[in-house]
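Values reported hereafter were calculated over all heavy atoms of this structure, with side chains retained and with hydrogens, waters and symmetry mates removed. By convention in this document, chain letters (A, B, ...) are assigned in the order of the sequence lines, proteins followed by strands, and residues within each chain are numbered from 1.
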Number of protein chains: 2
Amino acid sequence: MSDFFDNWVVQVRKGVIELCILRTLAVRERYGYELVKELSQVPGMGLTEGTLYPLMSRLRLAGLVTTRLEESASGPARKYYSLTPEGLHTLKTMNVFLETLQRSTQQVGDRS
Amino acid sequence: MSDFFDNWVVQVRKGVIELCILRTLAVRERYGYELVKELSQVPGMGLTEGTLYPLMSRLRLAGLVTTRLEESASGPARKYYSLTPEGLHTLKTMNVFLETLQRSTQQVGDRS
DNA sequence: CAAGCTACCTTGCGTCACAAGGTATTCATG
DNA sequence: CATGAATACCTTGTGACGCAAGGTAGCTTG
C-alpha cells in the first residue's frame, strides 16, 4: 500500500538523525541510551538502538565526538559522548547546508 | 578531511530529491532529461541521470507517475512523466510529514 | 563523417537505517 | 534466592538507494 511512503520516510530520516544527535550533544554530553530515549520521542523520528550505536561509532571514528565511561549507581556503566571542536564545526556546516537545501526545496514547484 | 560531511550530504539528499521531483511534476508533466537539467541547478541538490532514471522507475512501479512517449523534432524521443492521483496524494502526505520533521528538528537542542 | 548535444538506461560500489537478537548489571517481588 | 523488568551496551543481516561511470541511439552543425 503505502510501501513507497514508508521507504521514503526511512530515507528522509537519514542525515536528519545525525544532525539531531550533534545538536543534542552541543547542549551537553549524553550517553547512548539517554539519546535513544530522548530522540525516539521526537515526532517523525523513530530512533532505535540499532540505528544509534553504529552511528555513534562512526561519529567517533570521524573524530566528531569523544567518549567517556562512567559507572552508574543504578545499572551498567554509561558511555558518555561529547562534541569535539571538529564536531561543533561540522555541526555548523551542516546547519548552513540544511537551511540552503530547505529554502531550495520550498521553492521547487513555484516556477510555472 | 570532511569525508563525514560529504557522506552526510548524500544521505540528506535522499528523500528530498523524491519530494522535489513530485513537486515539480505536480506543476506539469516533464521528461527525464528536463528534470535533470532543472533540478541539478537547485542549490544543495546535485541531481544526476544515474540518480534520476532508477528513481523514476521506482515511482512508476509504485504507481505514483505514468509515462508517455513523445517524439521530438530535435533529438531522440522524450519520455514524459506525470503525477497520478495516488502520486498527488502521496506528495501531500510527504509534505505534511516533512513539515513535522522540520519543526521537530529545529526544536532539538532547545531543551537544557 | 565527425563531433557534440540531446535523451534514454544500466552496472557496481559503498553507505546506512532498521529489525532482531545478544550480553551484562542492578533492583524489586514473591 | 530465584525471576522478572528495567537499564545499558553492542552486533549481524537485510534491503534500499545515491552516484560515478559507462553504454546506446538520434539529431544537428561544420
Side-chain angles (χ1 to χ4, degrees), chain A residues 2-21 29-40 42 44-62 65 67-81 101, chain B residues 2-21 29-40 42 44-62 64-65 67-81 97 101:
Chain A
S2 59
D3 207 11
F4 177 85
F5 179 71
D6 292 344
N7 271 340
W8 177 77
V9 167
V10 171
Q11 301 306 321
V12 169
R13 282 208 271 249
K14 293 190 184 187
V16 176
I17 291 176
E18 292 177 350
L19 184 68
C20 286
I21 285 171
E29 63 171 7
R30 314 278 173 126
Y31 57 96
Y33 196 70
E34 191 183 5
L35 284 169
V36 172
K37 291 302 167 198
E38 271 192 40
L39 293 182
S40 64
V42 172
M45 175 163 31
L47 183 65
T48 65
E49 301 185 33
T51 298
L52 182 89
Y53 288 112
L55 202 169
M56 298 315 288
S57 259
R58 290 200 306 276
L59 290 178
R60 199 176 63 78
L61 285 180
V65 302
T67 60
R68 175 177 74 82
L69 267 182
E70 184 177 309
E71 294 178 9
S72 167
S74 59
R78 298 166 173 174
K79 186 180 274 186
Y80 280 89
Y81 299 90
L101 189 61
Chain B
S2 60
D3 209 10
F4 177 85
F5 180 71
D6 292 344
N7 270 340
W8 178 76
V9 167
V10 171
Q11 301 307 321
V12 169
R13 282 207 271 249
K14 293 190 183 186
V16 175
I17 291 177
E18 292 176 349
L19 183 68
C20 286
I21 286 173
E29 65 171 4
R30 314 277 172 126
Y31 59 97
Y33 196 70
E34 190 182 7
L35 285 170
V36 172
K37 290 302 168 199
E38 271 192 39
L39 293 183
S40 64
V42 172
M45 175 164 31
L47 184 64
T48 66
E49 301 185 32
T51 299
L52 182 89
Y53 288 112
L55 203 169
M56 298 314 288
S57 260
R58 289 200 307 275
L59 290 177
R60 201 177 60 79
L61 285 180
L64 306 192
V65 303
T67 60
R68 176 176 73 83
L69 268 181
E70 184 177 310
E71 293 177 12
S72 166
S74 59
R78 300 167 172 172
K79 186 181 274 186
Y80 281 88
Y81 299 89
F97 180 86
L101 189 61

### Message
Counting the atoms with a prime plus P, OP1 and OP2 as sugar-phosphate, which does A:Glu49 contact under 4.0 Å by heavy atoms, base, sugar-phosphate, or nothing?
### Response
base
### Task
Tell me, please, the opening and closing nucleotides of DNA chain C, 5' to 3', among those with an atom under 4.0 angstrom from a non-hydrogen atom of chain B.
C:dT6 to C:dC16
### Message
Rounded to whole Å, how long is the line connecting atom CG of B:Leu39 with atom C1' of D:dG18?
### Response
15 Å
### Message
Mind checking if B:Gly50 touches a base, just sugar-phosphate, or nothing, with heavy atoms under 4.0 Å?
### Response
base
### Message
Quick one, B:Tyr81 and B:Leu59 - any side-chain contact, counting heavy atoms below 4.5 Å?
### Response
no
### Message
Heavy atoms only, 4.0 Å cut-off, all strands: where does B:Thr48 land among base, sugar-phosphate and nothing?
### Response
sugar-phosphate
### Message
Between B:Arg78 and B:Glu34, is there a side-chain heavy-atom distance shorter than 4.5 Å?
### Response
no
### Query
Is there a side-chain contact between B:Met56 and B:Leu35 (heavy atoms, below 4.5 Å)?
yes
### Query
If you pin A:Leu69 and A:Lys14 to their nearest nucleotides in DNA chain D, which one's is more 5'?
A:Leu69
### Task
Could you say whether B:Lys79 or B:Lys37 is positioned toward the 5' end of DNA chain C, judged by the nucleotide with the nearest heavy atom to each?
B:Lys37
### Query
For nucleotides 24-30 of chain D, read 5' to 3', which letter fits each nucleotide if B means a protein heavy atom sits under 4.0 Å from the base, S means only the sugar-phosphate is that close, and - means neither?
-B-SS--
### Task
Compare side-chain N and O positions of A:Arg78 against OP1 and OP2 of D:dC9 and report whether any pair is under 4.0 Å apart.
no
### Message
Counting C-beta onward and ignoring hydrogens, is there a side-chain heavy-atom pair between B:Arg58 and A:Asn7 closer than 4.5 Å?
### Response
no
### Task
Evaluate side-chain contact (heavy atoms from CB on, under 4.5 Å) for A:Gln11 paired with B:Glu18, printing each intermediate quantity in order.
CA-CA 10 Å; A:Gln11 301 306 321; B:Glu18 292 176 349; 5.6 Å; no
### Query
Is B:Glu70 atom CD crowded by more than 12 heavy atoms from other residues, nucleotides or ligands, each under 6.0 Å away?
yes
### Query
Does a side-chain heavy-atom distance below 4.5 Å link B:Leu101 with A:Val9?
no
### Query
When the C1' atoms of the five terminal pairs at each end define the local axes, what inter-axis angle does the helix from C:dC1-D:dG30 to C:dG30-D:dC1 show, to 10 degrees?
0°
